Amino acid sequence: MSLSTRYNPQETEPKWYDHWEKNKYFRSEPDDREPFTIVIPPPNVTGVLHMGHMLNNTIQDILIRRARLQGKNACWVPGTDHASIATEAKVVRKLRAKGIKKSDLTREQFLEHAFEWKKEYGGKILDQLKKLGASCDWERTRFTMDDSMTRAVIKVFVDLYKKGKIYRGLRMTNWDPAAQTALSNEEVIYKDEHSQLFHIKYPIEGSPEEGIIIATQRPETIMADTAIAVNPNDPRFKHLVGKKALIPLIDRAIPIIEDGYVDIEFGTGALKITPAHDQNDYEVGQRHNLEIIDILHPNGTLNEHAQILVGEDRFVARKKIKKLLEEGGYLMELENYTTSIGHSERTDSVVEPRLTKQWYVDMKNFAATALQAVKSGEVKFYPENMWNMYYQWLNEDNIRDWCISRQLWWGQQIPAWYIRSEDGGRLSADGEELAFVGVDIEEALEEAKKQTGNNDLTTADLIQDEDVVDTWFSSWLWPISVFDGFENQEELKYYYPTNTLVTGWDIMFFWVARMIMSGYEWSEDLLGADLNGKQPFNDVYFTGMVRDNKRRKMSKSLGNSPDALQLIENYGADGVRFGMLSCSSAGNDIIFDAPFDPETKKALNESKLCEQGRNFCNKMWNALRLIKGWEVADIEQPAINELAVKWIKDKTDMIVADIEKNFAQYRLSDALMCLYQLIWGDFCSWHLEMIKPTYLGEGKSEPLDRKTYEATIEIYEKLMVALHPFMPFVTEEIWHQLRNRKEGNDCIIQRYPAAGRVDKALISYVEKAKDAISRIRETRNSKGISPNEPLNLFVESTESSKSLFDQVGIKDMLMKLGNLSALSFTETKPDSTISFLSGTEKYFLELNIEIDKEAESKKLNEEKKRIEGFLTGVQKKLGNERFVNNAPAPVVEKEKKKLADGQEKLRLIEKALKSLEY
RNA sequence: GGGUCGUUAGCUCAGUUGGUUUAGAGCGCUGCCUUGACAGGGCAGAGGUCACUGGUUCGAAUCCAGUACGACCCACCA
């Protein structure tokens with residue numbers, strides 16, 4: 001057999017992924033085993049794999065694969081989210097490119113186009129996850145607009161309505177003029193922006209020479225003003241209160257009123273009140289019964305109420321009105337000003353506050369429940385301090401009702417119907433439109449008959465609400481609805497609650513909190529006696545945001561994100577998984593340092609960390625090549641091999657225990673680093689070097705004894721299983737290369753290694769030997785002596801050195817790895833040797849060169865000084881009565897040992913210095 | 001305005017409830033080593049008064065208070 005000198009992920013990764021899928025290793029069905037369940041945070045159906053997904057899904061895959069290796073029934077449910085605003089915007093754009101306007105289509109026609117688009121581009125991201133190695137149960141793939149999911153949404157809507165937790169209300173909401181829909185508060189992103197504060201003079205009615213100057217950053221809205229307000233305690237304007245001012249350019253008279261909301265210090269102290277276009281102005285308007293004049297079309301252009309600049313976009317209008325105001329002599333001053341402006345999360349357009357009728361979920365009780373769930377520990381956050389952010393949003397002072405209606409077509413249509421009035425509109429009573437909620441039109445009809453007392457109504461009299469619900473109104477049901485839990489609880493009772501949710505903290509409010517709410521709201525009703533907990537998941541692992549080396553969030557517009565798929569292409573999925581994980585300590589944002597190409601202004605698809613991961617694969621691959629290349633014979637096991645095998649077994653068990661601890665705390669990058677060092681450092685650099693058969697020349701080596709060979713293969717297998725969750729492909733490949741496997745004997749379904757009993761003394765002896773070997777090499781290095789030249793070594797005969805060299809194989813280890821011709825005990829320093837310390841052992845290395853006594857003595861004196869300083873510290877500590885009396889006994893013992901060891905070292909150095917004098 | 005987190009080697013980060021020979025890893029850097037698993041490699045080395053100032057303690061990178069700088073969340077913003 002001949003293996004290529006480099007590991008080739010491009011070849012092995014698709015091979016093993018297909019193999020796993022064919023063998024249905026990712027498939028989960030309820031059985032007797034303990035379940036381990038993760039539901040994926042569903043990516044946008046038309047999305048493309050980015051760095052955040054890679055981090056997120058690598059972590060989920062590690063947890064799932066480890067659970068599978070622990071013999072649990074691992075179930076990872078994948079799926080996608082319909083992302084109504086973003087997707088609808090994409091479809092509208094695509095149709096426009098074809099010359100089709102959304103307004104020319106019926107709802108049905110539009111949805112047809114949208115589903116076609118979904119069919120064509122949707123779910124690509126799931127294929128990309130496969131490239132990463134994600135071991136999802138693909139047969140369970142769900143989409144938030146699947147029929148069963150939609151039925152769940154409708155059911156839940158009706159249920160909440162009947163419980164009085166959903167209501168319809170006229171309120172100021174955030175309006176996205178690009179998507180032309182209402183938004184929830186969470187969908188508005190505030191950004192600091194430079195703008196200007198316009199100081200505008202409004203003439204006083206009846207005395208044109210007088211005026212009142214207001215400050216605003218939105219001069220285009222003055223036509224919607226219905227008052228000017230000043231603070232009741234502001235003496236400057238007392239004489240004007242009660243009079244009327246004329247809006248510049250349109251000369252409409254508005255009252256000058258007093259309201260405590262106005263800040264005397266800010267701007268000019270006089271505030272224009274525009275109830276239709278500002279939340280606070282709206283409230284002032286309510287207090288003073290002011291008229292509401294809305295001058296904007298839903299798309300952000302000025303309507304006829306504005307009287308001037310009709311049809312202009314609000315930002316164009318701002319520029320134009322500035323000129324008009326200047327020309328009219330109304331613009332008194334322009335002040336530079338920084339303020340935060342709300343943008344739509346999905347379309348980035350500037351959000352308008354707008355008075356509209358929308359559906360809301362009453363959040364008061366939900367918020368309390370969600371807080372309690374985490375407070376009580378039923379849902380645990382990792383890292384714990386995420387609680388603070390969670391609390392801040394959910395506490396009763398901050399929580400706002402959730403606006404769930406969206407003026408879109410792509411989504412679940414709201415299950416509310418109105419009675420068609422004679423003019424084609426909706427029938428009202430007392431100024432309120434009558435709405436009837438039901439799971440379908442028949443149920444709504446019954447409701448309508450009951451409420452109106454009109455039994456002649458038919459479905460033809462009803463018209464359904466045009467709006468759809470917020471996408472998050474379907475995703476908050478995800479942990480239940482992926483198991484069709486609202487219709488059939490068979491699977492839910494096995495899989496619910498799920499184990500761990502892995503997600504970014506940026507969607508804590510959008511999604512995590514709301515899933516907790518929905519879990520507590522419905523799981524008990526659904527599961528009854530079969531309920532294992534109301535919480536939708538036991539643990540939430542919040543990943544950091546992936547940022548570039550300037551700490552900016554990775555985004556398309558900045559071009560600072562490498563192409564995730566290209567990275568996989570370049571380094572292999574295992575390499576990228578390693579790279580992602582090694583820069584992501586739990587809870588912190590992760591800095592993914594990809595070099596930047598100044599010419600294209602884009603991140604290159606390169607990464608040092610991924611390279612390290614790729615190199616790690618290669619290292620393991622070459623260890624395999626080495627082992628496979630050995631000739632094995634039935635000969636006696638040499639002492640050094642006996643030691644090597646015993647040691648690496650124990651060392652592995654020791655590290656496996658550390659890994660267990662790390663997993664328990666979601667310290668995945670630590671767990672990976674443990675394995676990295678165990679495999680590269682201990683297994684390759686020490687174990688394999690120890691057992692490596694002597695080279696005889698001409699491509700031939702001595703054979704290796706079978707016992708050592710078998711043990712080494714076993715250890716390597718164990719290491720591959722332990723590493724498998726992190727780097728699934730390379731471990732599966734090596735697993736199969738190590739032995740001829742029967743069908744179905746795959747790494748992915750082995751049992752994860754468990755920690756065993758460890759001989760700590762043995763490990764410490766080998767550590768001593770390793771250190772001595774390093775000192776030999778260092779001495780060689782500094783004296784310019786080749787590692788190939790065998791040298792004679794002496795060790796000072798002491799109790800401790802004798803017990804060290806009593807260990808089976810230790811002497812051979814030093815001989816072999818230190819390349820020694822002889823090693824013997826001595827009482828005194830032999831001639832032409834140079835001494836060094838390793839631990840408390842003193843060694844003398846025979847060199848066939850002139851020894852620079854001066855340099856040696858200088859070096860020894862430096863070391864002496866260092867140890868003396870150290871000893872002073874320890875002695876001071878031990879001389880302190882309070883330390884000896886107060887510190888725990890083991891600590892005092894340790895200090896005493898430090899003192900004794902230090903003194904021994906000092907003795908050795910002094911001896912060496914003395915011997916130099918001759 | 002309210003709140004959270006961070007500051008440890010040139011860079012990115014560990015440091016597990018204060019005490020394992022006066023701080024660890026990876027990358028980067030320096031020196032030496034190529035026909036023998038791997039130069040995507042080996043061996044060795046240099047590099048830190050743990051942001052600053054006080055305090056608690058026998059003992060502080062670790063606990064407390066304050067300062068500085070940085071990142072973020074929520075609310076408000078004419």
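Letters go in sequence order (proteins before strands), and every chain restarts at 1. The model shown is predicted, which means the values in this text are computed figures rather than measured ones.
- You'll find that the side chain of A/Y695 is closest to B/G36, out of B/A44, B/G36, B/G40.
- Of all nucleotides listed (B/A78, B/C32, B/C73), B/C32 comes nearest to the side chain of A/N781.
- With ring centers used as reference points, A/Y716 lies under 6.0 Å from A/F683.
- Within the nucleic acid shown, A/D263 comes within 4.0 Å of at least one base atom, counting heavy atoms only.
- Heavy atoms of A/R6 sit under 4.0 angstrom from at least one base atom.
- A/V874 comes within 4.0 angstrom of no nucleic acid atom, judged by non-hydrogen atoms across all strands.
- Looking at residues two or more places apart in sequence or on another chain, you find no ring-ring contact (aromatic ring centres under 6.0 Å, His included) involving A/Y202.
- Judged by atom type and distance alone, A/K608 does not reach the base of B/C27 through any side-chain donor-acceptor pair under 3.5 Å.
- Looking at A/N622 and A/R625, their side chains do bring a donor and an acceptor atom within 3.5 Å of each other.
- Of the two residues near RNA chain B, A/W621 and A/W686, the one whose nearest nucleotide lies more 5' is A/W621.
- With hydrogens and angles ignored, a donor-acceptor pair closer than 3.5 Å exists between the side chain of A/D901 and the base of B/U21.
- One C1' atom belongs to B/C29, the other to B/A46, and the distance between them is 9 Å to the nearest Å.
- The 5' end of RNA chain B is approached more closely, in terms of each residue's nearest nucleotide, by A/Q392 than by the other of A/Q392 and A/R625.
- Across all strands, A/S774 comes closer than 4.0 Å only to sugar-phosphate atoms, never to a base (heavy-atom distances).
- A distance below 6.0 Å separates the ring centres of A/F663 and A/F726.
- For B/A37, its base sits under 3.5 Å from the side chain of A/E689 at one donor and acceptor pair at least.
- Nucleotides B/A78 and B/C73, compared at atom C1', are 25 Å apart to the nearest Å.
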Run the numbers on A/D901 and A/T840 for side chain to side chain donor-acceptor pair (under 3.5 Å), then give the verdict. CA-CA 7 Å; A/D901 287 354; A/T840 51; 5.4 Å; no
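- Across B/A60 and B/C13, the matching P atoms stand 28 Å from one another, rounded to whole Å.
- One P atom belongs to B/G47, the other to B/A9, and the distance between them is 14 Å to the nearest Å.
- Of the C1' atoms belonging to B/A25 and B/G15, the separation is 10 Å, rounded to the nearest Å.
- Look at the P atom in both B/C11 and B/C52: the space between them is 15 Å, to the nearest Å.
- You'll find that the side chain of A/N622 is closest to B/A37, out of B/G45, B/A37, B/A25.
- Applying the 4.0 Å criterion to OP1 and OP2 of B/U16, one finds that A/K661 has every side-chain N and O outside that range.
- A stem is defined here as three or more consecutive Watson-Crick or G-U pairs, each with both distances under 3.5 Å; for RNA chain B these stems are B:1-7 with B:68-74, B:10-13 with B:24-27, B:29-33 with B:41-45, B:51-55 with B:63-67.
- Residue A/W680 is in sugar-phosphate contact alone, with no base atom involved, counting any heavy-atom pair closer than 4.0 Å across all strands shown.
- Comparing atom distances between the A/K894 side chain and each of B/U20, B/C38, B/C74 picks out B/U20 as nearest.
- Using atom P as the reference point in both B/U22 and B/U67, the two lie 36 Å apart (nearest Å).
- Of the listed nucleotides (B/A78, B/G40, B/A44), B/A78 has the atom at the smallest distance from the side chain of A/D278.
- Annotation: B/U16 and B/A68 have their P atoms spaced 28 Å apart (nearest Å).
- Side chains of A/F578 and A/Y676 form a contact here, defined as non-hydrogen atoms less than 4.5 Å apart.
- Residue contacts for A/E611: at a heavy-atom cut-off of 4.0 Å it reaches no nucleic acid atom on any strand shown.
- Between A/F381 and A/W387, the distance separating the two ring centers is not shorter than 6.0 angstrom.
- Remark: aromatic rings of A/W621 and A/Y7 are close, center separation under 6.0 Å.
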